[in-house]
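These notes are about the structure you will find just below.
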Amino acid sequence: MNQQGARRGQEDDWWRQLYGEGGGPAAAGDAPEHGAVRDAGPADASDTLDDRVESALRAVGAPESAVPPARCEPPARTLPPPPEPAEPIPLRATGPGPRPPAPAWGTPSSPAAEPVALPAADPEALDELVPDTVLDGAQYGSLTLRAASQRGASARYRGEARRDALLTARFGTGRHTLILVAVATGLPAVEGAHRAAQDACAWIGGAVGRSCTRLAQDIRTDHRGALVPGLQRLTDRTYGKLRARALDRGAAPENYTAALRCLLLPADPDCRTRVFFGVGAGGLFRLRDGAWQDLEPAAGHQPEPFRFRAEFGRPGDTLLLCSAGLAEPLQQEPGFAARLAAQWSAPEPPGLVPFLTTTAQLRAGGHTKDRTAVGVWES
């Protein structure tokens, strides 16, 4: 007997043992033995493996709960066809377009009303970055202060740092409270010019802050014999520090410098004296009865003379301290000066945003320098 026949015989013995001790169907005419199950012959019912297992469990007396439930095949799911792809949504470009080439003469073809390019940044000196625009203001007693500094159109177009620096600071308390506003401008086309302007503002601010009580007393008593030499000494020390910083940076001292112009404003409502001092280019103006008055002190014979002037703030007056970027169109463009005078002649001082709009963003053809303005309204 081959292996296949032996295997079949073993399977037949297993089924005979399962269905009865007599094993399998009896011969024709023989009675079945006790306990045996007669083979009923082929049936129309299905004879799957699951059916046989279920029948086997019933034959050995397995409880009803042990009979595994018949498998229920889930109905076939018909998936809907995928939706048609939607039409692509056109995206609006968010970055700047191609920059137009600069004209051959080195200035943008039209003023940049909004910033175009950011200045290059040094990852090791991120604290030296200068924002495009700064804006500040305050109100003390009878005076209202507005201050703004903004990159010029040329610097905005070329990605250069703002060379104008602005500092507004309050020192002292009570009657000795003194407000300092400092405006500085670094040299054009000089690397690090914006840092020199910032240093100049910071150092004159520190010097004034340490002497604020004495300065406030001298201004309140109109002691000009002490004010002029004292402020000149503080200014000279500031420029001495600039020269020393230039040597530390490996720069030429004549390049690491800045024009510096300051206002001292007592917060005491009983004191209306306003003190100007400084060195270098810029402007000092007064708007009275709708007309501009140039208050710039006469320059001496020195190339960079120290300038000083003290003025009484009459109600209704507006004092303007500014960098050269605003002083030049005021002096050279009558239409520009008239428009600014008309906008500043309102009964109330402008808010911060209107002040920025009228000073830094009022256009004058051919004037693309940084602009810094400090306005003081007297009430």
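Reckoned from all heavy atoms, side chains included, excluding hydrogens, waters and symmetry mates. All values derive from a computational prediction rather than experimental measurement. If you read the sequence from its start, that first residue is 1, and numbering goes on from there.
No more than 12 heavy atoms of other residues, nucleotides or ligands sit less than 6.0 Å from atom CZ of Arg214. Environment of CD in Glu124: sparse, with no more than 12 heavy atoms of neighbouring residues, nucleotides or ligands closer than 6.0 Å.
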Anything under 3.5 Å between a donor and an acceptor, one on a side chain of residues 139-147, the other on a protein residue two or more places apart or in another chain? List them.
{"unit_1": "Tyr140", "atom_1": "OH", "unit_2": "Arg170", "atom_2": "NE", "d": "3.3"}
{"unit_1": "Arg146", "atom_1": "NE", "unit_2": "Pro350", "atom_2": "O", "d": "2.7"}
{"unit_1": "Arg146", "atom_1": "NH2", "unit_2": "Pro350", "atom_2": "O", "d": "3.4"}

Can you give each donor-acceptor pair under 3.5 Å made by side-chain atoms of residues 178-206, sequence neighbours left out, with the distance rounded to 0.1 Å?
{"unit_1": "Thr185", "atom_1": "OG1", "unit_2": "Asp164", "atom_2": "OD1", "d": "2.7"}
{"unit_1": "Arg195", "atom_1": "NH1", "unit_2": "Glu128", "atom_2": "OE1", "d": "3.1"}
{"unit_1": "Asp199", "atom_1": "OD2", "unit_2": "Arg245", "atom_2": "NH1", "d": "3.3"}
{"unit_1": "Asp199", "atom_1": "OD2", "unit_2": "Tyr256", "atom_2": "OH", "d": "2.6"}

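Listed by first then second residue, pairs satisfying side chain to side chain donor-acceptor pair (under 3.5 Å) with a partner in residues 224-233 read Asp222-Arg224, not counting sequence neighbours. The salt bridge (charged side-chain N to carboxylate O under 4.0 Å, His left out) analysis of residues 343-362, with sequence neighbours excluded, yields no pairs.
Considering only residues two or more places apart in sequence or on other chains, Lys241 meets the salt bridge (charged side-chain N to carboxylate O under 4.0 Å, His left out) condition with none of them. Under the salt bridge (charged side-chain N to carboxylate O under 4.0 Å, His left out) criterion, Arg339 pairs with no residue at all, not counting sequence neighbours. Remark: Asp294 engages Phe285, Glu296, Gln331 in a side-chain contact (heavy atoms from CB on, under 4.5 Å) (not counting sequence neighbours). In this structure Ser345 satisfies the side-chain contact (heavy atoms from CB on, under 4.5 Å) test together with Leu287, sequence neighbours excluded. With sequence neighbours excluded, the residues that form a side-chain contact (heavy atoms from CB on, under 4.5 Å) with Thr273 are Ile219, Cys271, Val275, Ala310. Listed by chain and residue number, Asp132 satisfy the salt bridge (charged side-chain N to carboxylate O under 4.0 Å, His left out) test with Arg151 (two or more places apart in sequence, or in another chain). Every residue meeting the side-chain contact (heavy atoms from CB on, under 4.5 Å) condition with Arg288, not counting sequence neighbours, appears here in chain and number order: Arg286, Gln293, Arg314, Asp317.
A heavy-atom distance below 4.5 Å is found between the side chains of Leu295 and Leu319. For the pair Arg162 and Pro131, the minimum side-chain heavy-atom distance is below 4.5 Å. In this structure the side chain of Pro349 never reaches within 4.5 angstrom of the side chain of Phe355, judged on heavy atoms.
Its side chain within the 4.5 Å cluster rule, Leu129 clusters with Leu126 among the Ile, Leu, Val, Met, Phe, Trp and Tyr residues.
Looking only at distances, a side-chain donor or acceptor of Arg272 sits under 3.5 Å from a matching main-chain atom of Gly313.
Checked options Thr318, Thr358, Thr359; the residue passing with Trp344 is Thr358 (criterion: side-chain hydrogen bond (donor to acceptor under 3.5 Å, both in side chains)).
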